[in-house]
Amino acid sequence: MNEYELKVYDEVKEWKHKLTRRSGMMKRISKKAQVKVNDYIPDKVHQMMTDSIKAMVKATLLGSQITTNHKQALGLTLEERDELVRKKILTYQKTAIVEGAGTGAGGLLLGLADFPLLLTIEMKFLFETAAIYGFNTKEYEERLFILHVFQLAFSSDEIRRQTLDDIENWETKKEELVEMDWRKFQQEYRDYMDLAKMFQLVPGIGAFVGAYANNNILKTLGETAMNAYRLRMLQKSPEL
């Protein structure tokens, strides 16, 4: 393991430690409230939302697969790949800021359009990141890994710890994880979005809230994806 890989190893270790820490009190209280609300929602409604988000995600996966340059990082070192991903994070943050400000300023109808638009940006970023780190998203297991990275970024404490364990032990666990738990996937993501973008539909401040929230959402997703793929790259090193 070279000097840069040792530096990355320490950064990934710190990232894992941060992920396994307990969330703050306000986040925990909010999550408990959201769980209670979800308990009152009929199963038919939950299933309808699950089916809708599943279809939406699969459509964005297909689109991202087609438009991603899968050879953009051939021959690059880990350090060069990291630098390229950092640039991608900044680019996608800017795109998400513009999208959030535009839909936030547009009132209720455009605000509702924010969900699929942001999801498309997020999935496209994840495909780009996978390609940069040399993983072939034409393979089903790599698209499944992308969904687990997404879930890791936007989930509550318990689900986050379990998902981190799945990602950390991907090579031995991927045979068991042949299908996403779509209900859990959509519920965790919706709860995260509800909290992050609570005031986006409020007239006068919607544009600011949308831009601010989207910037932070892409920042979180960027950090999560970068470190998840770094972890897999380091696991390939015989000296790890």
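Note that CZ of Phe150 and CD of Glu188 are 11.5 Å apart. Values are rounded to the nearest 0.5 Å. Distance check, rounded to the nearest 0.5 Å: NZ of Lys88 to CG of Leu84 gives 6.0 Å. Rounded to the nearest 0.5 angstrom, Ser156 OG and Asp191 CG are separated by 7.5 Å. For the atom pair CZ of Arg160 and OG1 of Thr163, the computed distance is 9.5 Å after rounding to the nearest 0.5 Å. Lys16 NZ to Glu11 CD: the interatomic distance, rounded to the nearest 0.5 Å, is 13.5 Å. For the atom pair CD1 of Ile167 and CG of Leu177, the computed distance is 10.0 Å after rounding to the nearest 0.5 Å.
With hydrogens and angles ignored, the 3.5 Å screen pairs a side-chain donor or acceptor of His70 with a backbone N or O of Gln65. Remark: the backbone N or O of Ala131 is not paired with any side-chain donor or acceptor of Gln72 at under 3.5 angstrom. One N or O on the side chain of Asn169 and one on the backbone of Asp165 form a donor-acceptor pair closer than 3.5 Å. The closest donor-acceptor contact from the side chain of Thr60 to the backbone of Val57 lies under 3.5 Å.
The two residues Glu5 and Leu234 have their closest heavy-atom pair at O-CD2, 3.9 Å. Nearest heavy atoms, Tyr192 versus Ser155: CD1-N, 4.5 Å. Contact between Arg21 and Asp157 at its shortest, heavy atoms only, is O-OD1, 4.4 Å. The minimum heavy-atom distance linking Leu61 with Met123 is given by the pair CD2-SD, 4.0 Å. Contact record, Ile121 with Ala96: CD1-CA, 4.1 Å, taken as the closest heavy-atom pair.
The pair Lys173-Glu168 does not count as a salt bridge, with every side-chain nitrogen at least 4.0 angstrom from each carboxylate oxygen. The pair Lys13-Asp10 fails the salt-bridge criterion, with no side-chain N (NZ, NE, NH1 or NH2) lying under 4.0 Å from an Asp/Glu carboxylate O. Ionic pairing of Arg161 and Asp166 is not present here: no N-O contact between side-chain nitrogen and carboxylate oxygen is shorter than 4.0 angstrom.
Taking Ile, Leu, Val, Met, Phe, Trp and Tyr as members and joining any whose side-chain heavy atoms lie under 4.5 Å apart, directly or through other members, Ile97 forms no hydrophobic cluster with any other residue. Other cluster members for Ile66: Leu62, joined by side-chain heavy-atom distances under 4.5 Å among Ile, Leu, Val, Met, Phe, Trp and Tyr.
Leu6 is connected to Leu78 through a chain of hydrophobic side-chain contacts under 4.5 Å among Ile, Leu, Val, Met, Phe, Trp and Tyr, so both are in one cluster. Under a hydrophobic clustering in which Ile, Leu, Val, Met, Phe, Trp and Tyr are joined whenever their side-chain heavy atoms come within less than 4.5 Å, directly or via other members, Phe185 and Ile159 fall into different clusters. Under the 4.5 Å side-chain heavy-atom criterion for Ile, Leu, Val, Met, Phe, Trp and Tyr, Ile132 and Met233 are members of the same hydrophobic cluster. Under the 4.5 Å side-chain heavy-atom criterion for Ile, Leu, Val, Met, Phe, Trp and Tyr, Tyr212 and Met193 are members of distinct hydrophobic clusters.
Taking Tyr189 as the reference, Glu122 meet the side chain to side chain donor-acceptor pair (under 3.5 Å) condition, with sequence neighbours excluded. Applying the side chain to side chain donor-acceptor pair (under 3.5 Å) criterion to Trp170, with sequence neighbours excluded, gives no partner residue. In this structure Thr68 satisfies the side chain to side chain donor-acceptor pair (under 3.5 Å) test together with Lys124, sequence neighbours excluded. For the side-chain contact (heavy atoms from CB on, under 4.5 Å) test, residues two or more places apart in sequence or in another chain that qualify with Met56 are Phe115, Pro116, Leu119. Applying the side-chain contact (heavy atoms from CB on, under 4.5 Å) test to Lys87 and every residue at least two apart in sequence or in another chain returns Glu83. Qualifying side-chain contact (heavy atoms from CB on, under 4.5 Å) partners for Lys219, counting only residues two or more places apart in sequence or in other chains: Gln93. For Thr91, the side-chain contact (heavy atoms from CB on, under 4.5 Å) test picks out no residue, with sequence neighbours left out.
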Side chain to side chain contact (heavy atoms under 4.5 Å, CB included) between Leu118 and Asn214, intermediate numbers included: CA-CA 8 Å; Leu118 180 59; Asn214 282 13; 3.7 Å; yes
Go through Asp43 and Arg183 one step at a time and tell me if the side chain to side chain contact (heavy atoms under 4.5 Å, CB included) criterion holds. CA-CA 10 Å; Asp43 277 343; Arg183 178 159 172 169; 3.5 Å; yes
Lys94 vs Asn215, side chain to side chain contact (heavy atoms under 4.5 Å, CB included): CA-CA, chis, key distance, verdict: CA-CA 7 Å; Lys94 290 174 184 175; Asn215 180 60; over 6 Å; no
Between Met226 and Tyr133, is a side chain to side chain contact (heavy atoms under 4.5 Å, CB included) present by the stated rule, with each step listed? CA-CA 9 Å; Met226 185 174 183; Tyr133 284 112; 3.3 Å; yes
For residues 47-55, tabulate all N or O donor-acceptor pairs below 3.5 Å that involve a side-chain atom, not counting sequence neighbours.
residue: Gln47; atom: NE2; partner: Asp51; partner atom: OD1; Å: 2.9
residue: Thr50; atom: OG1; partner: His46; partner atom: O; Å: 2.8
residue: Thr50; atom: OG1; partner: Gln186; partner atom: NE2; Å: 3.2
residue: Ser52; atom: OG; partner: Met48; partner atom: O; Å: 2.9

Kindly list each side-chain donor-acceptor pair under 3.5 angstrom involving residues 140-149, sequence neighbours excluded, with atom names and distances?
residue: Tyr140; atom: OH; partner: Val178; partner atom: O; Å: 2.5
residue: Glu141; atom: OE2; partner: Lys174; partner atom: NZ; Å: 3.0
residue: Glu142; atom: OE1; partner: Arg232; partner atom: NH1; Å: 2.9
residue: Glu142; atom: OE2; partner: Arg232; partner atom: NH2; Å: 3.0
residue: Arg143; atom: NH1; partner: Thr137; partner atom: O; Å: 3.1
residue: Arg143; atom: NH1; partner: Lys138; partner atom: O; Å: 2.8
residue: His148; atom: ND1; partner: Leu144; partner atom: O; Å: 2.9

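For Phe154, the CZ atom sits in a packed shell: over 12 heavy atoms of surrounding residues, nucleotides or ligands are nearer than 6.0 Å. In the displayed structure, Glu139 atom CD is contacted under 6.0 Å by more than 12 heavy atoms of other residues, nucleotides or ligands.
Looking at Trp15 and Leu164, their side chains come closer than 4.5 Å, going by heavy atoms from C-beta outward. Using a 4.5 Å heavy-atom cutoff, the side chains of Trp182 and Gln187 are not in contact. Between Tyr4 and Asp82, the closest side-chain pair of non-hydrogen atoms falls below 4.5 Å.
The side-chain hydrogen bond (donor to acceptor under 3.5 Å, both in side chains) pairs that include a residue from residues 220-229 are Lys18-Glu223, Asn227-Arg230, where partners are two or more places apart or lie in different chains.
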